[in-house]
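Below you'll find the structure, written out as structure tokens, and then a few comments.
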Amino acid sequence: MKIAIEGCMHGDLDNVYKTLQHLEKSQNTKIDLLLCCGDFQAVRNQNDLKSLAVPERYRAMNSFWKYYSGLEVAPYPTIFIGGNHEASNYLWELYYGGWAAPNIYFLGAAGVVKFGNVRIGGLSGIYKHFDYKSGHYERPPYDRNTIKSAYHVREYDVRKLMQVEEPIDIFLSHDWPVRITDHGDWEELVRNKPFFREEIEGKRLGSKAAAQLLEKLKPQFWFSAHLHCKFAALVQHGEGGPVTKFLALDKCLPGRDFLQVVEIESEAGPYEIQYDEEWLAITRMFNNAFPLTRKGADFRGVNLEMEDCRKWVRSKLQERDCKPSEFVRTVPCYDPSQAGVEGASAVNPRNPQTEYLLRLLELPYLLDRNPEAKDMSPYPSLIPSGPGGNYSEDIPIDDVDDDDDEVESET
């Protein structure tokens, strides 16, 4: 199986797909799947732009809306995770994962799926210590603080991924696992990005949550983006243990290293995206601890007896199809003939795909629960100080679209 990996999409689906089609023709090869490591920007209409954490002058429709509307169809099955420049209102509809457009699948805040017999996992967002133990309290429409905190990684989602025991072939994260630079040519990286030196030497460049998952899951491949540069590393897990091949890629711009193709052993095709039994069982087991206010999750009531839960999930998947339900449009699509006219509703609907999965797992729909509801969790949230929060972990990035007082300099 040949899999293409792309770094930060930034809504430029047209050019990424055209690049892959050119590669297929020039190299006489066939790409089976495209993976994107975040900043996908699944913007459906002008209302979605309000949930995109970028300076207003950089808010643009780009090309995803064409695929959402059906004007264009993704020529390759595409799986993506979220980064820190996303239409967070739409991704919240698909918190558990689902089709963002025909043939374009979002892995969710955290998720694992199968493509053929290849297991692909991922974690959306970026790590910020002051929000890590918070619940998912943000709801659209976002204010100047929640538009940022909405994409910060939460302990709840990481804890779920830490329960995965079966081998993961490929894992995606937006920011890099902290200290991954210890396993590659960090000096060459610093020559190209000198402002990374202090963070690297201080062992602060990257995500502590991602590093924890890398140590636990030990996937064959780990792909990231976020820092707008290419960086490769090999992680040896213990003496004689498995090796993870790490690769970070750039964003889609001419002359940048934003695309890589890898070949992975797999069963013969055709391939399709399917639910993962173990992941659905974990989702079901952890649902009663889903934190939906500022308070952190209380994991004490989570039953970690996996065997019975997996048998139950297996029986449900046998009754139905293992494939996710079909894509459904939930809001009007952007109409370029009406550019500048905000005709799309600001209502945030329930996504039928999410409702389908929750019915399958016999779980309640909680995504529209009032985040101000009383929460008896004993674990307090770590709230950043000051009106805009303490963003001392930020890394300066040399891209003009990220260098602005209105947003965090998080690429």
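Along the sequence shown, residues carry numbers from 1. Just the heavy atoms: all of them, side chains too, but no hydrogens, waters or symmetry mates, feed the values below.
- Under the rule for a side chain to side chain donor-acceptor pair (under 3.5 Å), His183 has no partner lying at least two apart in sequence or in another chain.
- To the nearest 0.5 Å, atoms NZ (Lys295) and OH (Tyr137) are separated by 13.0 Å.
- With Ser124 contributing its side chain and Ile81 its backbone, the two residues share no donor-acceptor pair below 3.5 Å.
- One side chain, Tyr17 or Thr78, offers a donor N or O that lies under 3.5 Å from an acceptor on the other.
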Please lay out, stage by stage, how Tyr67 and Asp14 fare under the test side chain to side chain donor-acceptor pair (under 3.5 Å).
CA-CA 10 Å; Tyr67 300 85; Asp14 285 351; 2.6 Å; yes
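- Between Lys203 and Asp182 there is a salt bridge, with a side-chain nitrogen of the basic residue lying less than 4.0 Å from a carboxylate oxygen of the acidic one.
- In this structure, Phe258 has no ring-ring contact (aromatic ring centres under 6.0 Å, His included) partners at least two apart in sequence or on a different chain.
- Judged by distance alone, the side chain of Asn103 and the main-chain N or O of Ala74 form a donor-acceptor pair under 3.5 Å.
- Ion pairing of Arg191 with Glu188 is present here, as a side-chain N (NZ or NE/NH1/NH2) and a carboxylate O approach within less than 4.0 Å.
- Sorted by first and then second residue, the salt bridge (charged side-chain N to carboxylate O under 4.0 Å, His left out) pairs with a member in residues 212-222 read Glu165-Lys216; sequence neighbours excluded.
- No cation-pi contact links Arg369 to Phe290, judged by a cut-off of 6.0 Å to the six-membered ring centre and 45° from its axis.
- Ring-plane geometry between Phe64 and Tyr68 is classed as tilted, the angle between the planes lying from 30 to 60 degrees on a 0 to 90 degree scale.
- Under the rule for a side chain to side chain donor-acceptor pair (under 3.5 Å), the partners of Glu138 that lie at least two apart in sequence or sit in another chain are Ser149, Arg154.
- Checking side-chain atoms of Ser26 against main-chain N and O of His22 turns up a donor-acceptor pair under 3.5 Å.
- Here the rule is ring pair (Phe, Tyr, Trp, His ring centres under 6.0 Å) with Trp222, and of Phe231, Phe171, Trp176 only Phe171 fits it.
- Checked against the 6.0 Å centroid criterion, the rings of His85 and His174 do not qualify as a close aromatic pair.
- With rounding to the nearest 0.5 angstrom, the CE atom of Met285 is 9.0 Å from the OG1 atom of Thr283.
- A donor-acceptor contact shorter than 3.5 Å links the side chain of Asp39 to the backbone of Asn84.
- No side-chain donor-acceptor contact under 3.5 Å links Glu355 to the backbone of Arg350.
- In this structure, the side chain of Tyr90 does not engage the main chain of Glu86 through any donor-acceptor pair within 3.5 Å.
- Without hydrogens or angle criteria, Ser51 side chain to Ile147 main chain gives no donor-acceptor distance under 3.5 Å.
- The salt bridge (charged side-chain N to carboxylate O under 4.0 Å, His left out) pairs that include a residue from residues 280-289 number zero, where partners must be two or more places apart or lie in different chains.
- Sorted by first then second residue, the side chain to side chain donor-acceptor pair (under 3.5 Å) pairs that include residues 105-118, not counting sequence neighbours, number zero.
- Between the Arg119 side chain and the Pro167 main chain, a donor and an acceptor come within less than 3.5 Å of each other.
- Taking every heavy atom of both residues into account, Cys36 and Gly7 meet most closely at SG-O, 3.6 Å.
- Remark: the backbone N or O of Glu277 is not paired with any side-chain donor or acceptor of Arg310 at under 3.5 angstrom.
- Looking at Asp169, its side chain never comes within 3.5 Å of a backbone N or O of Ile120 through a donor-acceptor pair.
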